[in-house]
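Written below as structure tokens is the structure these notes are about.
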Amino acid sequence: MRIGLLTSGGDCPGLNAVIRSAVLHGIKSYGDEFVGFKSGWKGMIEADYTELTRQDVRGIAREGGTILGTSRTHPYNHPQGGPEKIAKQLKRHDVDAVIAVGGEGTLAGAKRLAEDGIPVVGVPKTIDNDLRATDYTFGFDTAISIATDAMDRLRTTGESHHRCMVSEVMGRNVGWIALHSGMAAGAHAILIPEQEVSINQLCEWVEQVHSRGRSPLVVVAEGFIPENSEEALAGKGQEADGRPRLGGIGEFITTQIEERTGIETRNTTLGHIQRGGNPTGYDRVLATRFGIKALDLVHERAWGHMAALRGTEIITVDLEEALEGLKEVPAERYEEAKILFGR
Ligand code: F6P
């Protein structure tokens with residue numbers, strides 16, 4: 001078969017490992033040929049692609065980002081998009097199937113295309129770990145390890161100045177990155193979108209820690225909703241797919257803590273550092289296994305399905321199931337972390 005690969009949506013460490021394993025498995029096990037569409041769905045729609053040989057994927061599993069580039073182009077919103085035009089384009093370039101690697105938005109596009117007759121399978125990716133149908137997505141472990149390392153550093157400077165340190169992390173509308181990196185770094189308070197916490201409660205935790213001579217570390221997810229608000233802070237406009245760009249809660253919390261407690265407080269927004277650099281070993285393995293599975297799905301003609309992790313097994317999941325809503329942090333996971341907050 002001649003198979004097209006694309007990476008779409010925000011980049012994420014591990015994308016290259018998926019590309020490598022899918023290409024190597026296809027060439028070695030099935031005698032497949034590959035093309036890589038550039039910049040996500042855009043490359044597929046505009047037939048902007050490159051042939052992918054064994055040499056092209058050599059040694060790329062350890063590299064962050066994506067060798068194919070990515071974008072937030074939607075396959076139905078582009079002037080040359082939509083199933084009829086895409087089907088013609090794929091036929092013209094002899095592409096028999098497409099593997100789309102992406103998050104919620106990309107997989108929703110893949111599902112719609114599959115329903116409209118395009119031979120496409122999915123691979124889930126996101127540092128946010130917010131997809132329900134898979135226990136973990138690659139990129140998450142790397143983001144946790146980067147954020148944890150950054151927080152360890154914040155703690156040494158914080159302790160030296162007896163300051164409260166706030167760290168704003170990504171995660172969109174779920175708190176997985178905040179919960180895991182906060183726990184790993186021994187944070188004294190963690191604020192996530194799924195749980196309401198008042199500023200009074202937060203300041204109480206901060207004061208308790210400060211009064212026993214420690215430098216409080218507060219980790220806040222970008223999607224945390226402050227009290228008396230309906231939504232997360234999103235004053236940075238919209239992304240290409242129309243979703244609001246979250247951010248700014250770290251600064252807000254910092255000002256509140258300083259004003260109410262008088263404790264000198266600093267915010268650090270970790271931002272895209274969390275998505276950059278080489279994937280961890282865990283993410284390389286997960287991404288490699290997903291790439292192998294995706295290739296098998298193509299040969300099974302399981303259009304509209306994706307690879308997923310359940311426990312330690314890689315399984316097949318219908319994209320319908322994968323898109324049934326966000327995987328939020330369960331209350332009991334937050335209660336467990338909360339035992340160690342404050343005093
Ligand atoms: O979904 C991954 C993510 O990194 C989110 O955590 C964050 O809100 C968003 O993407 C940032 O997107 P962009 O790279 O477009 O600024």
Side-chain angles (χ1 to χ4, degrees), residues 127-128 143-144 146-236 244-274 328-329 331 333-343:
I127 63 164
D128 304 335
I144 296 309
I146 294 167
T148 304
D149 176 66
M151 288 169 202
D152 289 348
R153 290 165 197 274
L154 290 177
R155 293 197 68 168
T156 64
T157 167
E159 294 284 0
S160 307
H161 288 266
H162 317 293
R163 285 173 175 156
C164 171
M165 304 304 276
V166 174
S167 177
E168 179 187 309
V169 296
M170 283 186 166
R172 219 185 274 278
N173 297 109
V174 299
W176 289 107
I177 296 180
L179 184 80
H180 279 225
S181 60
M183 267 189 123
H188 303 101
I190 301 172
L191 306 175
I192 63 174
E194 295 88 340
Q195 294 291 328
E196 267 179 50
V197 174
S198 69
I199 295 292
N200 276 346
Q201 170 65 83
L202 173 63
C203 290
E204 205 177 296
W205 286 329
V206 165
E207 279 172 330
Q208 285 169 355
V209 175
H210 196 256
S211 66
R212 59 183 170 84
R214 301 297 308 280
S215 163
L217 173 67
V218 177
V219 177
V220 58
E222 61 179 0
F224 175 70
I225 304 169
E227 61 185 330
N228 305 322
S229 277
E230 296 290 308
E231 286 167 2
L233 296 192
K236 299 178 177 173
R245 284 184 62 204
L246 302 180
I249 188 70
E251 277 303 332
F252 175 79
I253 293 288
T254 297
T255 310
Q256 295 285 321
I257 294 172
E258 208 164 51
E259 275 176 15
R260 294 189 191 206
T261 66
I263 298 167
E264 201 183 354
T265 306
R266 295 283 189 272
N267 172 56
T268 302
T269 300
L270 299 186
H272 291 81
I273 298 280
Q274 292 159 95
E328 297 182 331
V329 173
R333 284 296 311 272
Y334 189 72
E335 289 305 318
E336 178 188 57
K338 208 168 145 189
I339 294 169
L340 304 183
F341 293 176
R343 79 174 84 242

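All values derive from a computational prediction rather than experimental measurement. We count residues from 1, following the sequence as given.
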### Task
Check whether any side-chain heavy atom of Pro226 lies under 4.5 Å from a side-chain heavy atom of Ile199, and answer yes or no.
no

### Query
With a 4.5 Å heavy-atom cut-off, do Val166 and Thr268 have their side chains touching?
no

### Task
Output yes when a side-chain donor or acceptor of His210 lies under 3.5 Å from a complementary backbone atom of His162, and no otherwise.
yes

### Task
Could you tell me whether a side-chain N or O of Thr148 sits under 3.5 Å from a main-chain N or O of Ala185, the two making a donor and an acceptor?
no

### Message
So does Gly186 get a backbone contact from the side chain of Arg155, meaning a donor-acceptor N/O pair under 3.5 Å?
### Response
yes

#### Entry: More than 12 heavy atoms from other groups under 6.0 Å of CD1 on Ile273
no

#### Entry: Atom of Phe341, atom of Ala187 and distance for their closest heavy-atom approach
CD2-O, 4.3 Å

### Query
Taking all non-hydrogen atoms of both residues, which atom of Gly175 and which atom of Ala221 are closest, and how far apart?
CA-CB, 4.4 Å

### Message
Is there a side-chain contact between Arg260 and Asn200 in this structure, where contact means two heavy atoms from C-beta onward sitting under 4.5 Å apart?
### Response
yes

### Task
Please confirm whether the backbone N or O of Arg153 pairs with a side-chain atom of Thr157, one donor and one acceptor, at under 3.5 Å?
no

### Query
How many angstroms lie between atom OG1 of Thr156 and atom CE of Met151, to the nearest 0.5 angstrom?
14.0 Å

### Message
The test is side-chain contact (heavy atoms from CB on, under 4.5 Å); show your working for Glu168 and Phe252 and say whether it passes.
### Response
CA-CA 10 Å; Glu168 179 187 309; Phe252 175 79; over 6 Å; no

### Task
Calculate, to the nearest 0.5 Å, the distance between atoms CD and CD1 belonging to Gln195 and Ile225 respectively.
11.0 Å

### Task
Hey, could you give me the CD/CG distance between Glu227 and Leu202, rounded to the nearest 0.5 Å?
9.5 Å

### Task
Before giving the answer on side-chain contact (heavy atoms from CB on, under 4.5 Å), spell out for Met170 and His272 the whole-Å C-alpha distance, their side-chain angles and the decisive distance to 0.1 Å.
CA-CA 8 Å; Met170 283 186 166; His272 291 81; 3.7 Å; yes

### Message
Taking CD in Glu159 as the centre, count heavy atoms belonging to other residues, nucleotides or ligands within less than 6.0 Å. Is the count above 12?
### Response
yes

#### Entry: Residues Tyr334, Val197; criterion side-chain contact (heavy atoms from CB on, under 4.5 Å); working and verdict
CA-CA 11 Å; Tyr334 189 72; Val197 174; 3.5 Å; yes

### Message
Is any side-chain heavy atom of His180 closer than 4.5 Å to one of Ile177?
### Response
no

### Rounded distance [0.5 Å steps], CZ in Arg214 versus CD in Gln208
14.0 Å

### Message
Which heavy atom of Leu246 sits nearest to which heavy atom of Ala232, and what is that distance?
### Response
CD2-CB, 4.0 Å

#### Entry: Inter-residue atom distance Arg343.CZ - Ser211.OG, 0.5 Å rounding
8.0 Å

## Note on the structure
Looking only at heavy atoms, the pair that brings Val218 and Cys164 closest together is CG2-SG, 4.1 Å

### Message
Are the side chains of His188 and Val206 in contact, using a 4.5 Å heavy-atom criterion?
### Response
no

### Query
Is there a side-chain contact between Trp176 and Asp128 (heavy atoms, below 4.5 Å)?
no

#### Entry: Least distance between heavy atoms, Val220 atom then Gly250 atom
CG1-CA, 3.9 Å

### Task
For the pair Arg172 and Glu222, find out whether any cationic side-chain nitrogen is under 4.0 Å from an anionic carboxylate oxygen.
no

### Task
Go through the steps to decide whether Ile253 and Asn267 satisfy the test side-chain contact (heavy atoms from CB on, under 4.5 Å), and finish with yes or no.
CA-CA 8 Å; Ile253 293 288; Asn267 172 56; over 6 Å; no

### Message
Would you compute the distance between atom CD1 of Ile190 and atom CG of Leu217 and round it to the nearest 0.5 angstrom?
### Response
8.5 Å

### Message
For the backbone of Val169 and the side chain of Gln274, can you confirm whether one donor and one acceptor N or O come within less than 3.5 Å of each other?
### Response
no

### Query
Looking only at heavy atoms, which two atoms of Ser215 and Val209 are closest? And how far apart?
C-CG1, 4.3 Å

